[in-house]
Structures are given as structure tokens and as C-alpha cells.
Amino acid sequence: MPAAFSISASDGPARLGTLRTPHGAIESPVFMPVGTLASVKGVPQHILEQLGVQILLGNTYHLYLRPGHEAIREIGGLHRFMSWDGSILTDSGGFQIFSLNELRKVSERGVDFRSHLDGSSHFFTPERSMEIQIALGADIVMAFDECTEHPAGRERARESMEMTARWARRSKQYFDEHKDEVPWAGEREGRQSLFGIVQGGMYSDLRRESAERLLELDFPGYAIGGLSVGEPRELTREIIASTLPLLPKDKPRYVMGVGYPEEIVEYAALGADMMDCVLPTRAARHGLLFTSQGRLNIKNARYARDQQPADPKCACMVCSRYTRAYLRHLFVSGEALAAVLNTIHNLAHYLDTMSSVRHAIKLGELRAKLSGTTPVSEQTS
Ligand SMILES: [Zn+2]
């Protein structure tokens, strides 16, 4: 059985759900930290567990190049390789290859590309992406798609969306024929799940058509891809708002590659169940901290003698122990610990944000939370 999804409460289009994978139950809406190379940069797995991370994202393109999916398969899959017993999702490799620009050539059969590491030639097809993702053994794997560039004219976006639809069919066929070859088959209850990805550029009607074509294939979950590719944030929101209602209510909906803390709250309110983004981890390595009071640039000289924690309202292991003055010192001194502590705090902030979203959905107060007001009932009690 693929991952089972159940909804226990809803608040407008937002839902409180449980997604059961072979590696555990995930409470949604959920934020998934990105562990590109089988590592959330700078943060060991036992700390991810302490932070309450439920599911990690791994990147197929990167793991295929290094250490190679065959090596990971032999070791028993990505979970065992990285000693992570929680759930894992892998992307299809499509987005990373798309980011290679001059190094790739797309045809109906698949994509020719050169490795960013050594320039060697590789060829990905929907079948190959599935083969690699089955070898990696993530709980949730993604259909191979073409991420349409931005800006793209309507004709170009249509062609790309249609190719993604044909590739989704090929992905599903290969996956269905080989899904029992996952390295942990027989050791765990349940199977890998394959999700489809809606494309269509920034055209709502193409997104609709993409969703309709994917629904014919009856995936156990659906993602909205091709966002955060340089379009204005308003447009990102518009596409998410118009596409989410086209996806089945009883299946998980995953919005790929978003966003800032205030955006993930908004997308959850629109009905997104899963989101991932490199922002909290990448920004942390550049000294940018997300806090309950907004963004804080830790390298700023004004924090040199600041005895407060990064975020006085945050209960994370970094904020409960270290001062802004110390975090700033680590950062400007180029200490490796700076990236570690900043990343832990930012992840805690994102995870706490989602946890408070889930709480608000349970209470039916998500909309009030969004507008920043407390409902009358609570003010008077
Ligand atoms: Zn903190």
C-alpha cells in the first residue's frame, strides 16, 4: 500500500492531516528540511530528531552523482546510509537538471546533461529517474518532470506541460513495474509512493489541464512544481491559490520549493499539506535568522554586545543557550559552529511555525492567526 492520508480537522481549505509512510506517521501541514546530499548541511541527524523533523528531502540528481544510487542501494537505501529512521522524500532530479541551463539538452526521451562536478555526460529519462529513486528507497518519490523556465511564452509552457504529462505516465508505468525492488522491501510495512507534479508555467489554464491529466493517472499524492523560478511572489501565490483546489481533497498536496515563514503559513491556509525549501538552511549559512519579530542579520555590528537570544520567543536549543553577541562573533570569525547554530535555530523556527499552524487548524483559528488578531472568544475569556 502507498502512503495513506487521513484528515482529522479542517479550517477553510486548510487541513490537519496524518500521512502514514513506511517510516512513520507525519502530521501535516508539514515543513520538510532539505538534505540535498543525504545531509541537512551542518546538522546531525540526532539533532534533527530533537527538533521534531518528521520528513527530510533528498536530491536525486546530487545523490546519483555522489555517492551514486548503486552504492546507496547496496547499503540498504538512503535511510540506513544516513542513519535516519524518519520519512524521506526524493525529488525527481528534474529541477536540478533544469538549473544546469547550458549543460542540458531536453528531448522527448529524456534529458542529456553534464555533471556540474566533472563535466561527465549523463542521460536521465523518466524510467531512469524512477530506477534511481527506487534504489535510494525514499518513502515518497516524485515523477520526472520538466520544470518550465520563467519567463516562458504560452506555447513553450504548453509544450513543456504536455511533455511533463507524458513523462508522468512513463514514470508511473516504470514505478508500478519495479516498486517491489526498494532496498527495504519486506522489512517495512507498506511501499514507496509516487507523486505526480503539476506544471504549466504561470498560466492558470495550463495548470488546470496539467492537473486534469495527472488525475487520470491516479497518484496517491500531487505536487505543484515549477514555482520559485524567478517569478514575482504575488504570481507564486496566485498559481498556488488557483491550482490547489484542482487537486483531490483526500490526497496530500505538496507545494515544492517554497517559501518564507509567512508564506508557508499562507500556503497551508490555502490547503497545502507539504512544503520544502532551502531558505531556512541556506539563509542560516549566510547569517540570516528568521525570528518571531522578523528577519535578523546576525553579522550586524549592533549585535556585538547583545545579550539576548536570537529570538527571545524561541525555545530552541540555540536560543535557550547562546546570545546574539556570541552568534555574531562565530559568524564574523568564520567559525563552522556559526552555520550549525544558525541552521538549528532557523529550522526550529520553521518547524514551530508549522506546529502552530497545525494547532490553529485544530482550533479553527488559522484565519485569525493569519490576520494577526486573536478571535473575540479568546479575548473575552
Ligand atoms: Zn531559536
Side-chain angles (χ1 to χ4, degrees), residues 26-36 39-57 84 86 257-269 274-362 365-366 369-370 372 374:
I26 299 161
E27 298 296 312
S28 67
V30 64
F31 178 76
M32 308 186 285
V34 179
T36 302
S39 148
V40 175
K41 292 188 197 314
V43 185
Q45 277 66 312
H46 70 276
I47 294 194
L48 297 174
E49 284 160 5
Q50 285 172 35
L51 287 170
V53 172
Q54 306 185 74
I55 174 169
L56 283 181
L57 194 136
W84 173 255
V258 294
Y260 283 97
E262 61 276 16
E263 291 170 334
I264 60 172
V265 174
E266 199 183 351
Y267 303 152
M274 307 160 70
M275 285 168 274
D276 77 283
C277 193
V278 293
L279 248 180
T281 43
R282 184 177 288 167
R285 298 196 298 279
H286 291 99
L288 183 67
L289 301 178
F290 296 103
T291 77
S292 57
Q293 294 145 328
R295 292 165 214 176
L296 187 152
N297 217 323
I298 201 65
K299 57 179 169 267
N300 201 311
R302 86 166 88 137
Y303 301 122
R305 288 166 191 217
D306 193 332
Q307 308 252 352
Q308 292 184 88
D311 182 354
K313 287 192 179 160
C314 178
C316 86
M317 57 186 90
V318 175
C319 292
S320 46
R321 182 156 188 168
Y322 303 106
T323 61
R324 290 174 181 170
Y326 182 62
L327 294 177
R328 175 182 185 271
H329 159 73
L330 292 177
F331 188 83
V332 299
S333 310
E335 283 294 306
L337 187 58
V340 174
L341 297 183
N342 292 347
T343 303
I344 292 173
H345 163 76
N346 273 357
L347 283 179
H349 182 73
Y350 267 69
L351 296 165
D352 289 352
T353 299
M354 275 297 113
S355 157
S356 68
V357 163
R358 293 193 293 271
H359 187 66
I361 296 173
K362 202 181 288 180
E365 291 176 354
L366 186 57
K369 181 182 166 60
L370 265 179
T374 313

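Ligands are counted one by one from 1 in listed order, and the atoms in each one are counted from 1 as well. As the structure is a prediction and not an experimental result, all values here were calculated from the model.
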Problem - Side chain Arg328, main chain Lys299, donor-acceptor under 3.5 Å - result: yes
For Arg282, is there any backbone N or O sitting under 3.5 Å from a side-chain donor or acceptor partner on His286?
yes
Contacts of Ala360 meeting side-chain contact (heavy atoms from CB on, under 4.5 Å) (sequence neighbours excluded), chain-then-number -> Leu366, Lys369
| said: Here's one to test your reading of the geometry: is the NZ or CZ of Arg285 within 45 degrees of the ring axis of Phe331 and under 6.0 Å from its centre? | reply: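 No cation-pi geometry.
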Problem set entry | With Arg324 via salt bridge (Lys or Arg N to Asp or Glu O under 4.0 Å) - residues at least two apart |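 Listed in chain order: Asp306.
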Around the Zn ion (ligand 1), list the protein N/O/S atoms within a radius below 2.8 Å, excluding water molecules.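 As for protein N, O or S atoms lying under 2.8 Å from the Zn ion (ligand 1), they are Cys314 SG, Cys316 SG, Cys319 SG, His345 ND1.
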For residues 337-351, the salt bridge (Lys or Arg N to Asp or Glu O under 4.0 Å) pairs (sequence neighbours left out) are none
